[in-house]
Undergrad: 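Before we start, here is the structure in question, set down as structure tokens.
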Amino acid sequence: MLLSLSIATALAACKKPEDTAAAPAADTAAPKALTVDQSKLPPFSAFQPSDLDKTANVCTDLNAYANDSWLKANPVPGDRTSWGTFEVLSERSEAIQHQLAEQSAADTAATGVEKIVGDFWATGMDEAKIDQQGIAPIKDELAAIDGLTDQAKITDYLRTSAAKGQNELFGFGASPDFKNSEINIAYAMQGGLGLPDPEYYTSADNKAKLDAYQAHIAKTLELAGISADAAATQAKQVIDFETRLAKVSKTSTELSRHVELSYNPVSLADADKLTPNWSWTEFFKSQGVAAPQMFSLAIPAFHEEISKMLADTAPDAWQAYLRFHAIDSASPFLSQPFVDENFAFWNKTLRGQKEIRPRWKRVLGTLNRQAGETLGQLYVKTAFPPESKAQMETLVGNLRTALKARIEKLDWMSAETKQKAIAKWETFTPKIGYPDKWRDWAGLSTSRDSYLGNVLAAQEFNYKFDLSKIGKPVDKTEWGMTPQTINAYYNPQQNEIVFPAAILQPPFFDPKADAALNYGGIGAVIGHEMTHGYDDQGAQFGPKGNFENWWTDADKHGFESRTGKLVAQFDGYTTADGGKVKGDLTLGENIADLGGLNTALDALHVANGDTPDPKTDGLTQDQRFFLNWATVWRRNFTPEEMAVRLKTDPHAPANFRAIGAPSNMPAFAQAFQCKPGDAMVREGEKQVVIW
């Protein structure tokens, strides 16, 4: 995750008003002749009454009733670790991108964004050339690491590599100031770990994965020409190095629930005193960033430990750590043995993926991570109908109105706090489909010479672009996701809700579908993103995106007592193989689901007015609303993927998201004639009512 997006995406789901009749803005150098053959795209996974599992009881388990038949018929494919609604739409998006990338690569005289897309595609798909190059593309980097024989050289290397966008030790970049969201400041975050969470190093329950990681490190080093004995020794050094960092790092749960951990404003002088062996003054200078009056040194204990390690950790241990990560980071872009070993651990062992994805999909993934908006410009010109944006603007408006009404009717919140909540509501900014203004990619130089060369060029270009924001006003036209992404998000520091073009498809959104399906799909997602502004973390930001307390003490206490009940609800969920859901880790998303679904149902009822309920396929509108909500969350996981997500994902497993919010809603029980005592009916003290 880019540091500049970390705070926004920490509160995101899963996860710019303009003239809807106008064509999307685009790079003037991009061609207009690109086309998409719709007949080659995979089908949608939309709600169908025939998918319902009539052997299941909807009042016992909405997810089983709505999705079990589909889930049984759609196991996780060998080249994935999960499979469901999001992945089906991802396949469609990839199929469109595939066509666009091939057409771009075919034009060797292309310029602008089409050239970037074409260069990435052509070099990434040239397996023969990549295999022929072997490890040669990173030999200079490895030689530099071999020369790190003392602290001064190590420190200089860390600064130099960071300036190229290759900082292994910690995150560094621009993000809005917590206290003044109009201005970007620099943030230094924790980092340095290979595994997804500190618990992998510190908990005995994860020893098997830690041992497998150590074996992977040794194998990777051997591929680079290091003897087996030396590789084993260095692998142990890497594990010891990262374990030391893990002990001073915050867990995924802590970071998810305590957004304030990101903000620790300090002067350069005070930061230098805190880390005597690591000069922040020199670091800013080496990155080409003017010395600021202050920056955020987040998780200070982590940075203190790095300073200590620079003094007391032997150079050969630093070399082992940096050497492994240099090779491992480059492995997906090197010859086949490196690709295979990288996949064997990170995808197969850690997440349970049985087969490597086809090369063309991996190349698209790389392009999307490194220069996704270039491809996004081509995507919206060929695959996003203007009428979708127009209908979405209407839906967003209806959801806004419904949310305001819910806030005004709250019986547990004082008038004083309500007034502040409405003030925040008034400043919500929706962004739909694609940016009003595309980013300028003119400074990125790509070629047909080297796949890894293009990746590294993009990394450095993106890093310098991010650093250029420090000390400058926040550009509110920027997006944190590309148009071709199947997700949506809420950004608390800009108080904006963002819906990329690619998610505006069935089962989320269909211009031809009835209102019940659209409100149960994208309507609930819209409500979800709005409610993020009032979840346990978003509620700490005010109308202008500043970190501030706008609650009375009594209201804050009442809010926390209600959210505590939601933590307890999700703490009670257990996966099929005994995994425990973390109610505190997933709290923000669960609050957003509950508030979003209630708001969407209110908006549907207002939109229907006094119109009689037109049953469709024997189902009422409310039934179809809840069934499409469940359809959105149909998803299978490999056991290994589920284990990783339970530790690190702020979203609860999909099957629990399908049932969690509806079980707290009397409207669900009424829609399906459920009775007190049914599992999908939470009553009395167990029922959670927040927004």
Side-chain angles (χ1 to χ4, degrees), residues 20 38 43-54 58 62-63 65-67 69-70 84-86 88-89 92 384-403 405 430 432-433 486 488 499 501-530 593 596-634 657-659 661-662 665-674:
T20 57
Q38 296 286 331
F44 293 112
S45 173
F47 168 72
Q48 300 288 343
S50 58
D51 286 338
L52 299 178
D53 185 348
K54 299 298 179 65
V58 68
L62 169 63
N63 182 69
Y65 181 75
N67 294 328
S69 294
W70 189 94
T85 295
F86 285 85
V88 169
L89 282 182
R92 286 184 62 89
F384 185 57
E387 57 268 24
S388 292
K389 185 163 185 171
Q391 288 195 32
M392 271 293 292
E393 288 173 337
T394 298
L395 281 169
V396 169
N398 292 347
L399 265 292
R400 279 175 57 91
T401 300
L403 176 59
I432 301 168
I486 315 300
F499 307 96
I503 199 174
L504 304 181
Q505 301 179 82
F508 293 97
F509 174 73
D510 183 351
K512 300 177 182 178
D514 61 278
L517 295 187
N518 280 333
Y519 278 90
I522 199 65
V525 174
I526 295 169
H528 172 106
E529 301 306 340
M530 289 182 178
D593 279 351
L597 194 62
N598 270 292
T599 301
L601 185 61
D602 287 355
L604 172 64
H605 290 166
V606 171
N608 286 341
D610 297 326
T611 305
D613 188 344
K615 280 192 174 184
T616 305
D617 297 318
L619 298 168
T620 67
Q621 284 204 334
D622 281 11
Q623 288 174 335
R624 287 168 66 78
F625 171 88
F626 285 111
L627 290 170
N628 200 43
W629 162 259
T631 299
V632 164
W633 301 116
R634 56 171 53 155
R657 295 187 73 177
I659 66 174
M665 298 172 62
F668 172 82
Q670 183 178 353
F672 291 98
Q673 293 82 54
C674 301

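Residue numbers run from 1 in the order of the sequence given.
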Undergrad: Hey, are the side chains of Phe499 and Phe509 touching, using non-hydrogen atoms and a 4.5 Å cut-off?
TA: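 Counting from C-beta outward, Phe499 and Phe509 never come under 4.5 Å.
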Undergrad: Between atom CZ of Phe86 and atom CD1 of Ile486, what is the distance when rounded to the nearest 0.5 Å?
TA: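 The distance works out to 9.0 Å.
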Undergrad: Only one of Val525, Asp593, Leu517, Ile659 passes side chain to side chain contact (heavy atoms under 4.5 Å, CB included) with Trp629; say which it is.
TA: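 For Trp629, the side chain to side chain contact (heavy atoms under 4.5 Å, CB included) test succeeds with only one of Val525, Asp593, Leu517, Ile659, which is Asp593.
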Undergrad: Flag the pair Leu62 / Phe668 as yes when at least one side-chain heavy-atom distance between them is below 4.5 Å, and no otherwise.
TA: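 Heavy-atom side-chain distance check passes, below 4.5 Å.
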Undergrad: Please identify each residue that fulfils side-chain contact (heavy atoms from CB on, under 4.5 Å) with Pro506, with sequence neighbours left out.
TA: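 Result, side-chain contact (heavy atoms from CB on, under 4.5 Å) vs Pro506: Phe44, Ala46, Asp510.
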Undergrad: My understanding is that only residues two or more places apart in sequence, or in another chain, count here; which of them pass side-chain contact (heavy atoms from CB on, under 4.5 Å) with Ala607?
TA: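 For Ala607 the side-chain contact (heavy atoms from CB on, under 4.5 Å) partners, ignoring immediate neighbours, are Tyr519.
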Undergrad: For a 4.5 angstrom cut-off between non-hydrogen side-chain atoms, does Ile526 reach Arg400?
TA: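 No; the side chains remain at least 4.5 Å from each other.
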Undergrad: Can you tell me which residue pairs pass the salt bridge (Lys or Arg N to Asp or Glu O under 4.0 Å) test with a partner in residues 616-625, sequence neighbours excluded?
TA: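 Residue pairs with at least one partner in residues 616-625: Asp514-Arg624, Asp617-Arg624.
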Undergrad: For Gln623 and Val58, what are the C-alpha separation, side-chain angles and deciding distance, and is it a side-chain contact (heavy atoms from CB on, under 4.5 Å)?
TA: CA-CA 10 Å; Gln623 288 174 335; Val58 68; over 6 Å; no
Undergrad: Sort out for me which residue in Gln505, Gln391, His528, Met392 forms a side chain to side chain contact (heavy atoms under 4.5 Å, CB included) with Ile522.
TA: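 Looking at Gln505, Gln391, His528, Met392, the match for Ile522 under the side chain to side chain contact (heavy atoms under 4.5 Å, CB included) is Met392.
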Undergrad: Are the side chains of Asn628 and Thr631 in contact, using a 4.5 Å heavy-atom criterion?
TA: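 The answer is yes, as the side chains (C-beta and beyond) meet within the 4.5 Å cut-off.
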Undergrad: Within the 4.5 Å heavy-atom criterion, are Leu619 and Leu627 side-chain neighbours or not?
TA: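 A side-chain contact under 4.5 Å exists here.
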Undergrad: Rounded to the nearest 0.5 Å, how far apart are CE of Met665 and CG of Leu601?
TA: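 If I round to the nearest 0.5 Å, the distance is 5.0 Å.
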